[in-house]
Structure formats: C-alpha cells, structure tokens
Engineer: 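Quick one: the structure is below, questions incoming.
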Amino acid sequence: MKQITDYQNKKVIVLGLGKSGVNAARLLNKLGALVTVNDAQDFDNNPDAQELLSEGVRVITGGHPVSLLDEDFSLMVKNPGIPYSNVMVQRAQELGLPIITEPELAFQVSEAEWVGITGTNGKTTTTTLIGLMLNEGGVEAHVGGNIGIPLSQVAQEAGPGSKIVAELSSFQLLGIDTLRPHVAVLNNIYEAHLDYHGSRANYIAAKMRITMNQTANDYFVINWDKEEWRDLAQNVKAQVVPFSRTGVAGARALVDADGWLCFDGERVVEADTIKIPGAHNVENALAAMTVAKLYGVGNAAIAHVLATFGGVKHRIQFLKELNGRRIYNDSKATNVEAASVAIEAFKAPEVLIAGGLDRHLSMDALIPLLKEHVHALVTYGETSAQMVEVAQKAGIADIKRVDNLDQAVPAAYALSNPGDVLLLSPAAASWDQFHTFEERGDRFIADVDKLQ
C-alpha cells in the first residue's frame with residue numbers, strides 16, 4: 001500500500017457504513033485523517049458504528065444532520081447505495097465538497113495494477129473467472145469490489161506486480177476521479193437502476209466512466225453483439241478489444257462454427273466444456289478469456305478454470321446431483337429477466353421453484369420459456385397466485401402452491417424425474433419471507449441438503 005499523506009490531519013466524512021464505509025473509515029484513519037462517520041442506523045443496533053467508535057473514530061448515527069457539513073470537511077466518501085438526491089449529498093455538492101466512493105480511495109493507495117469489470121449482467125461471474133484464470137496462469141490476482149470484498153481492504157493486501165480484479169457498479173463508478181484500470185471490461189448494458197440514475201443515458205454514462213481515465217496503453221474489453229454497445233467504443237482512448245458470442249465481424253474473441261472459444265483466431269477451449277450453463281455464461285467466459293489472454297495466460301489454465309468453476313453462489317450455482325437430478329441455486333434471480341436467463345440455460349427438463357415479493361409487475365414474459373423448458377412448478381410467497389396463472393397459461397400440468405421455501409424443496413423433488421434439473425429461480429425479490437436473496441439461497445441450500 002502506498003503511504004500517501006494526502007489525508008493527514010484532513011477532516012473527512014464517511015457517509016453510510018456497510019462493508020465499504022467501515023473499511024474506508026479504517027483506511028482513512030490509518031492514513032491520519034480526522035474521520036467522522038455518519039450513518040442513518042441508530043447506534044444501539046449498529047455494530048459497525050460501535051466497533052469504529054472503539055477504534056477512535058468519531059461516529060454520528062440515527063440520521064443525517066445536514067448541519068454536520070458546516071464543519072470544515074475536505075472530502076466526503078459516500079456509500080455507493082446512497083443516491084445523489086440525499087440531503088447530505090446535495091448539501092455537500094452545494095458546498096463544493098469533493099465526493100468519492102470507496103473504490104477511488106482504494107485506487108489512490110494501491111500499488112497493484114487494476115482490471116475493472118462493469119455491466120448490467122454477469123459482472124460477478126466474469127470478475128470471479130478473471131481472478132481464477134489469472135491465478136491459475138501464474139499472475140497474482142486479488143478480487144474485490146461490488147462482489148462483496150471492499151477494495152480498500154484489497155488494496156492494502158495487493159503489492160506491486162499483482163493485479164486487483166475489481167467488480168465496479170454504476171453507483172461506485174459515479175464516485176471515481178483518478179481510478180484507471182489497465183484493462184476495463186464492459187459485459188453488456190441493459191435497462192437497470194433507472195430509479196437511481198434517472199434515465200438510461202445517465203446509467204450508460206455512469207458505466208462508461210470505467211474507461212474515462214484510460215490511455216492508448218490500456219485495454220477496453222467490450223461485448224460486440226449489439227450495435228449500441230459497439231457505438232460506445234467509438235470515443236474510447238484505450239485499445240478496444242471486442243468479444244462476440246454471435247461472431248460479429250471485428251471481434252477478437254468469439255465462438256467459431258464448431259463451438260470453440262477463440263482468441264485472435266486461435267482455438268482456446270470448447271464451449272461445451274464450460275461447467276456453468278447458459279449462453280450468458282459463454283459471454284462471461286469470452287470476456288474473462290480475453291482478459292486472461294491479454295495477460296499471457298495459457299490455454300490450459302483457461303480451460304481448467306472453465307471446466308471446474310461451478311458458478312458464483314446464488315447465481316445459477318450448481319449444488320449437487322442427487323439420484324439423477326441436477327440441483328441449482330439461482331436465488332439472485334430477483335426479477336423476471338434474471339429468471340428467464342436461468343430457465344433458458346438448460347437443455348434438460350426442469351422443475352422450477354419460483355415466488356417471492358409482489359412488486360405488481362407482469363410475469364407473462366415467462367410463459368414461452370416455461371412452455372419450452374419447465375414440466376413442473378412449485379411456487380410460494382406473495383407472487384404464488386400470479387405464478388400459478390402464468391404456469392397454467394404455459395400449459396404446465398404439475399403445479400403446486402405451498403406456503404414457504406422449506407415446503408417447496410421437497411415438493412419440487414417429488415415432482416422431478418431422473419435427468420431433470422431442479423432449479424430455484426424465484427423471479428421475485430426475497431423480502432416477503434427473507435431479509436436478502438443470500439438468506440433465501442442459504443435456506444435453499446440447507447433444504448436441499450435434507451433431501452434423500
């Protein structure tokens with residue numbers, strides 16, 4: 001870690017805790033800053049705030065008092081999830097106070113070279129694959145960021161000569177200033193987070209900040225399969241390295257007619273050997289392979305990772321094969337679009353478990369996919385009635401409605417046959433019965449372990 005003196009005796013406010021806020025506060029404290037943490041959660045129910053206070057950090061909890069900004073702060077480090085419409089953030093902007101997010105702070109102290117990954121879908125899988133491929137190929141890599149590991153922590157561990165592989169969300173990218181990945185990856189861009197960004201144009205602009213500091217010595221790896229995405233590369237200063245699952249002209253990484261993933265015309269690995277299912281994961285594999293090849297990783301290392309990686313937890317995660325049934329946990333599918341990707345990923349007949357929080361959105365887009373892939377459905381939660389209706393429209397014969405996930409797992413197994421895929425892909429948020437999709441996925445894993 002660089003021993004920078006930029007923050008020595010400077011007053012810095014960290015707005016919002018969580019993993020990123022806690023680690024940013026600790027790093028700033030280590031760098032000699034006079035840190036004030038402000039978090040909306042009340043102190044008695046805020047173990048993070050309690051720990052920071054015990055470490056000598058000033059902590060103000062239970063709300064966001066705008067008057068706090070009357071103090072002479074030099075910087076605000078904002079939790080990425082806090083919108084720019086927040087009263088504290090707006091006041092900071094009025095005062096001309098610089099506002100960054102935790103990845104920018106991490107980059108400032110980092111001695112390692114960065115690989116940054118962003119996009120709407122597949123960021124976590126691609127980030128994980130890149131980290132595995134680099135390490136398998138002898139390139140020391142440390143993974144962090146939006147994947148759940150604070151970059152301010154990773155930057156302190158990754159020394160010169162190593163690489164930091166960072167998943168970067170649009171929220172995080174809005175708060176960067178100098179962050180410059182040597183290799184930036186844009187997986188794809190669909191419509192998302194418009195409630196935060198206000199428009200698709202703003203969302204895209206936030207994503208493209210990943211390449212704003214790159215130069216002609218850097219690389220911008222981008223999905224070439226849509227014209228909109230190709231257009232985004234026109235004004236990029238870095239060397240553009242396109243990948244394409246559909247074989248669009250100009251792509252350096254693609255799938256050839258015989259089903260091989262190729263880079264610069266060289267066959268690297270057969271697509272059929274990729275352990276994680278689905279066309280979207282072929283795209284993720286192409287993006288990761290491209291980065292690995294740019295760093296000189298050999299084909300054997302790339303092939304080994306793709307043949308053995310079983311998926312990121314809760315994202316079409318392979319759990320086990322039980323009596324001829326393959327069981328997958330896709331609890332991260334909190335909407336119809338994500339569930340569609342999972343349902344379409346398998347060639348084998350499926351028994352689907354779905355249901356959760358009712359956001360009063362149409363699920364009719366699932367009908368053709370259910371008709372083609374699913375022979376039995378078990379549903380629970382607030383959306384269960386809607387899921388039953390959609391399944392009936394799809395002509396599914398075996399439909400069972402239960403009260404909760406604990407009941408759904410054995411019910412789905414009872415409806416399955418050898419050769420089937422048993423898939424949890426809820427197509428809805430978890431908050432009707434669980435705090436998070438991770439909690440829901442962990443419960444599913446526990447319930448699957450009880451099956452005989």
Engineer: For Gly144, does its backbone N or O pair with a side-chain atom of Glu167 as donor and acceptor, under 3.5 Å?
Structural biologist: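 Pair absent, no side-chain N/O of Glu167 close to backbone of Gly144.
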Engineer: Verify side chain to side chain contact (heavy atoms under 4.5 Å, CB included) between Arg325 and Tyr413, making sure each step is shown before the conclusion.
Structural biologist: CA-CA 9 Å; Arg325 289 92 163 158; Tyr413 182 76; 3.8 Å; yes
Engineer: I'd like to check Gln156 versus Arg26 (side-chain heavy atoms, cut-off strictly below 4.5 Å). Are they in contact?
Structural biologist: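 Side chain of Gln156 against side chain of Arg26, heavy atoms only: no contact under 4.5 Å found.
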Engineer: Donor-acceptor pair, Lys19 side chain versus Gly148 backbone, under 3.5 Å?
Structural biologist: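 Yes: the side chain of Lys19 pairs with the backbone of Gly148.
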Engineer: Got a donor-acceptor contact below 3.5 angstrom from the Thr273 side chain to the Glu270 backbone?
Structural biologist: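 Confirmed, Thr273 side chain pairs with Glu270 backbone.
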Engineer: Answer yes or no: is there a side-chain heavy-atom contact under 4.5 Å between Phe243 and Ile222?
Structural biologist: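 No - every pair of side-chain heavy atoms lies 4.5 Å or more apart.
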Engineer: Show the nearest heavy-atom pair for residues Ser20 and Asn79, with the distance to one decimal.
Structural biologist: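 That closest heavy-atom pairing would be OG-ND2, 3.8 Å.
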Engineer: Side chain to side chain contact (heavy atoms under 4.5 Å, CB included), that's the test. Do His142 and Ser162 meet it? Break it down for me.
Structural biologist: CA-CA 8 Å; His142 302 257; Ser162 64; 3.9 Å; yes
Engineer: Evaluate whether atom CG of Asn235 has more than 12 neighbouring non-hydrogen atoms of other residues, nucleotides or ligands under 6.0 angstrom away.
Structural biologist: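 Atom CG in Asn235 is not packed in, count stays at 12 or less.
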Engineer: Can you tell me which residue pairs pass the ring pair (Phe, Tyr, Trp, His ring centres under 6.0 Å) test with a partner in residues 218-239, sequence neighbours excluded?
Structural biologist: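 Pairs touching residues 218-239 that pass the test: His182-Tyr219, Tyr190-Trp229.
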Engineer: Just verifying a value: how many Å separate Lys123 NZ and Asn188 CG, rounded to the nearest 0.5 Å?
Structural biologist: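 The NZ atom of Lys123 sits 8.0 Å away from the CG atom of Asn188.
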Engineer: How long is the straight-line distance from CG of Asn213 back to CG of Asp177, given to the nearest 0.5 Å?
Structural biologist: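 CG of Asn213 is found 7.5 Å from CG of Asp177.
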Engineer: Under a 4.0 Å N-O cut-off, is there an ion pair linking Asp449 with Lys320?
Structural biologist: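 Salt bridge: yes.
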Engineer: Does Ser170 use its side chain to pair, donor to acceptor, with the backbone of Lys207 at less than 3.5 Å?
Structural biologist: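 Such a contact is absent between Ser170 side chain and Lys207 backbone.
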Engineer: Quick check: do Gln172 and Ile176 have side-chain heavy atoms less than 4.5 Å from each other?
Structural biologist: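 Heavy-atom side-chain distance check fails, nothing below 4.5 Å.
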Engineer: Mind checking whether Leu132 and Thr308 have side chains closer than 4.5 Å, heavy atoms only?
Structural biologist: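 Result no, sub-4.5 Å side-chain heavy-atom pair not found.
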Engineer: Do you know which of Asn146, Ile147, Leu151 makes side-chain contact (heavy atoms from CB on, under 4.5 Å) with Leu168?
Structural biologist: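 Only match with Leu168 under side-chain contact (heavy atoms from CB on, under 4.5 Å): Leu151.
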Engineer: Within the side chain of Thr383, is there an N or O that forms a donor-acceptor pair under 3.5 Å with the backbone of Gly356?
Structural biologist: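 It does hold such a pair.
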Engineer: Side chain of Glu382, backbone of Asp358: donor and acceptor closer than 3.5 Å?
Structural biologist: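 Looks like yes, one N/O pair under 3.5 Å.
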Engineer: Can you see which heavy atom on Ala253 is nearest to which on Leu286, and at what distance?
Structural biologist: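 Distance-wise, the nearest heavy atoms are C-CD2, 4.0 Å.
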Engineer: Nearest 0.5 Å please: distance from the CE atom of Met289 over to the OG1 atom of Thr126.
Structural biologist: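 These two atoms lie 12.0 Å from each other.
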Engineer: What do the steps show when you test Gln433 against Arg443 for side chain to side chain contact (heavy atoms under 4.5 Å, CB included), and what is the final call?
Structural biologist: CA-CA 11 Å; Gln433 296 188 8; Arg443 178 71 65 81; over 6 Å; no
Engineer: Should Leu27 and Asn23 count as side-chain neighbours, where that means a heavy-atom distance under 4.5 Å?
Structural biologist: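 No, their side chains stay 4.5 Å or more apart.
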Engineer: Tell me which pairs pass salt bridge (charged side-chain N to carboxylate O under 4.0 Å, His left out) where either residue lies in residues 274-303, with sequence neighbours left out.
Structural biologist: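 Salt bridge (charged side-chain N to carboxylate O under 4.0 Å, His left out) check on residues 274-303 returns Arg245-Glu283, Glu266-Lys293.
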Engineer: Is there a side chain to side chain contact (heavy atoms under 4.5 Å, CB included) between Asn281 and Asn284? Walk through the geometry before answering.
Structural biologist: CA-CA 5 Å; Asn281 278 319; Asn284 296 336; 3.0 Å; yes
Engineer: Would you indicate whether Trp260, at its atom CH2, is surrounded by more than 12 heavy atoms from other residues, nucleotides or ligands within a distance under 6.0 Å?
Structural biologist: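 Yes, enclosed.
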Engineer: Minimum heavy-atom separation for Thr120 to Ile189, with atom names?
Structural biologist: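 Closest approach of Thr120 to Ile189: OG1-CA, 3.4 Å.
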Engineer: On the six-membered ring of Tyr84, is Lys78 placed so that its NZ or CZ lies under 6.0 angstrom from the centre and within 45° of the ring axis?
Structural biologist: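 Lys78 over Tyr84 ring: yes.
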Engineer: Take Arg180 and Thr215 through the side chain to side chain donor-acceptor pair (under 3.5 Å) test and state the conclusion after the steps.
Structural biologist: CA-CA 9 Å; Arg180 173 192 162 197; Thr215 71; 3.3 Å; yes
Engineer: Does the distance from a Lys or Arg side-chain N to an Asp or Glu carboxylate O, for Lys2 and Glu111, drop under 4.0 Å?
Structural biologist: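 Here Lys2 does not pair with Glu111 in a salt bridge, since their nearest N and O are not under 4.0 Å apart.
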Engineer: Pairing donors with acceptors under 3.5 angstrom, does anything connect the side chains of Asn187 and Asn121?
Structural biologist: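 Side-chain D/A pair, Asn187 to Asn121: absent.
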Engineer: If you look at every heavy atom in Ile164 and Ala112, which pair is closest and at what distance?
Structural biologist: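 Scanning both residues, the minimum pair turns out to be CG1-CB, 3.8 Å.
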Engineer: Show the nearest heavy-atom pair for residues His375 and Pro349, with the distance to one decimal.
Structural biologist: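 Taking His375 first and Pro349 second, the nearest heavy atoms are CD2-CB, 3.8 Å.
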Engineer: Check the side chains of Thr211 and Gln214 for a donor-acceptor pair under 3.5 angstrom, ignoring hydrogens and angles.
Structural biologist: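 On atom types as modelled, these side chains qualify, holding a pair under 3.5 Å.
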Engineer: Below 4.5 Å, heavy atoms only, C-beta onward: do Tyr380 and Ile353 meet side chain to side chain?
Structural biologist: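 Of all side-chain heavy-atom pairs linking Ile353 with Tyr380, at least one is under 4.5 Å.
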Engineer: Show every side chain to side chain donor-acceptor pair (under 3.5 Å) that has at least one partner inside residues 98-107, sequence neighbours left out.
Structural biologist: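 Counting only pairs at least two positions apart or across chains, the side chain to side chain donor-acceptor pair (under 3.5 Å) contacts touching residues 98-107 are Glu102-Ser152, Glu104-Gln108, Glu104-Thr178.
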Engineer: Distance-only, no hydrogens or angles: does the Gln317 side chain make a donor-acceptor pair with backbone N or O of His314 under 3.5 Å?
Structural biologist: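 Yes, the answer is positive, given that a donor and an acceptor are paired below the 3.5 Å cut-off.
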Engineer: Do you know the tightest heavy-atom contact between Pro410 and Leu451?
Structural biologist: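 Pro410 and Leu451 have their closest heavy atoms at CA-CD2, 4.0 Å.
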Engineer: Could you go step by step and tell me if Glu321 and Arg326 meet the salt bridge (charged side-chain N to carboxylate O under 4.0 Å, His left out) rule?
Structural biologist: CA-CA 4 Å; Glu321 184 168 331; Arg326 287 178 295 138; 5.4 Å; no
Engineer: Does any non-hydrogen side-chain atom of Tyr295 lie less than 4.5 Å from one of Lys163?
Structural biologist: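 Heavy-atom side-chain distance check passes, below 4.5 Å.
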Engineer: Can you tell me how far the CG atom of Leu179 sits from the CE atom of Met212, to the nearest 0.5 Å?
Structural biologist: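 Going from CG on Leu179 over to CE on Met212, the span is 8.0 Å.
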Engineer: Please determine if Asp442 and Lys313 form a salt bridge, counting it only when a charged side-chain N lies under 4.0 Å from a carboxylate O.
Structural biologist: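 Salt bridge between Asp442 and Lys313, a charged N being under 4.0 Å from a carboxylate O: yes.
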Engineer: Relative to each other, are the rings of His197 and Tyr203 parallel, tilted or perpendicular (30° and 60° limits)?
Structural biologist: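 Tilted: the ring planes of His197 and Tyr203 meet at 30° to 60°.
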Engineer: If you measure from CG on Leu357 to OG on Ser430, what distance do you get to the nearest 0.5 Å?
Structural biologist: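 Spacing of CG (Leu357) from OG (Ser430) equals 8.0 Å.
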Engineer: Are the side chain of Asn329 and the backbone N or O of Ser331 linked by a donor-acceptor pair below 3.5 Å?
Structural biologist: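 Side chain of Asn329 to backbone of Ser331, a donor-acceptor pair under 3.5 Å: yes, one is there.
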Engineer: Between Asp420 (side chain) and Ala348 (backbone), is there a donor-acceptor pair under 3.5 Å?
Structural biologist: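 Not at all, since once roles are kept as given, no pair shorter than 3.5 Å links the two residues.
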Engineer: Does any N or O in the side chain of Arg252 come within less than 3.5 Å of the main-chain N or O of Val241, such that one atom is a donor and the other an acceptor?
Structural biologist: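 Answer holds: no.
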Engineer: What distance do Ile316 atom CD1 and Leu423 atom CG have between them, rounded to the nearest 0.5 Å?
Structural biologist: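 So the gap between those two atoms works out to 7.5 Å.
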Engineer: Are Phe444 and Val448 close enough that some pair of their side-chain heavy atoms sits under 4.5 Å apart?
Structural biologist: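 Answer yes - side chains close enough.
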